[in-house]
Amino acid sequence: MTWIEAIVLGLVQGLTEFLPVSSSGHLRITSALFFDRDAGASFTAVTQLGTEAAVLIYFARDIGRIVRTWFVGLVDRSVRSSLDYRMGWYVIVGTIPIGIFGLIFKDQIRTAGRNLWLISCTLILGAMLLAFAEYWGRQTRTLENFRMRDGVVMGFAQAAALVPGVSRSGGTLTAGLLLNLTRETAARYSFLLAIPAVVISGLFSLPDVFEPSAPGTAAPSVAQMVIATLIAFAVGYAAIAWLLRYVAHHTLYVFVLYRVALGSLVICLLATGTISAT
């Protein structure tokens, strides 16, 4: 991997991780368009450690409070009705689906799941579902009204994002809106829900990122991986603040249009032989 490749992909990861547009899909498309190869699923997973570090810092107070209350609640029944205690369980239970499906389909995610035909189609299909949710969701429920059912449904939506192009935030936002949560509520839970899965996936992918097994995959050096992850962290931190402000006052239709346009562009490039699907 070249330095420009590592820097560009770090920027792309930071810019797209929290937007409902699929960061893994963008990394795959960017690699194909500008570098004529695939950075690999492990590179994506490790750079996500940078964006999740941004979540940990941005929501440090909330996370610390939830963790403390959850541990206290294990022995003190008086705090078990609090939102923080319940949120701890919502995140734990919501993480289970992606853990199970990630283990079952690990090999497919790293190989067939990175086919650009699949990514372009999931970008468009995900856009349609997001538009439907934005239109039909009543957005009347806040975190105070959040229930275990919501955590489970959004957990399965997050698991669908194992397929590049679906989008972790896109899937969870879509599910949240269909559950009549406000956009900001769905986005906040989405950020918290991603932490365990992304951190565990990134740590497990560290050994693979420097010796990728897939043919044609670019292998970064340790220094390149560190810089790409730091860039993803810095840009991702700014993206969190921007997205929370944006969803509080705007619809998600701009992301719907963007996903359809990008997916259609990739299909055209594939159809004309400009880029290869694999």
Measure the acute angle between the ring planes of Tyr237 and Phe233, then classify it against the limits of 30° and 60° as parallel, tilted or perpendicular.
tilted
Looking only at the side chains, is there a donor atom on one of Ser22 and Ser167 sitting less than 3.5 Å from an acceptor on the other?
no
For atom CZ of Arg80, is the number of surrounding heavy atoms from other residues, nucleotides or ligands below 6.0 Å larger than 12?
yes
Side-chain H-bond candidate by donor/acceptor type, Arg110 with Ser42, under 3.5 Å:
yes
Salt bridge or not between Arg141 and Asp150? Use side-chain N to carboxylate O under 4.0 Å.
yes
Provide the closest heavy-atom pair for Pro196 versus Val91 in the form atom of the first, atom of the second, distance.
CG-CG1, 3.9 Å
Please determine if Asp62 and Arg65 form a salt bridge, counting it only when a charged side-chain N lies under 4.0 Å from a carboxylate O.
yes
Close aromatic pair by centroid cut-off 6.0 Å: Tyr246 and Phe255:
yes
Check: Phe59 ring centre within less than 6.0 Å of Phe191 ring centre
yes
Indicate, with yes or no, if the rings of His26 and Tyr258 have centres closer together than 6.0 Å.
yes
Mind running ring-ring contact (aromatic ring centres under 6.0 Å, His included) on Tyr189 and Tyr90 for me, showing each step along the way?
CA-CA 9 Å; Tyr189 177 70; Tyr90 299 156; 7.2 Å; no
Can you find a side-chain donor-acceptor pair between Gln48 and Glu52 that sits under 3.5 Å?
no
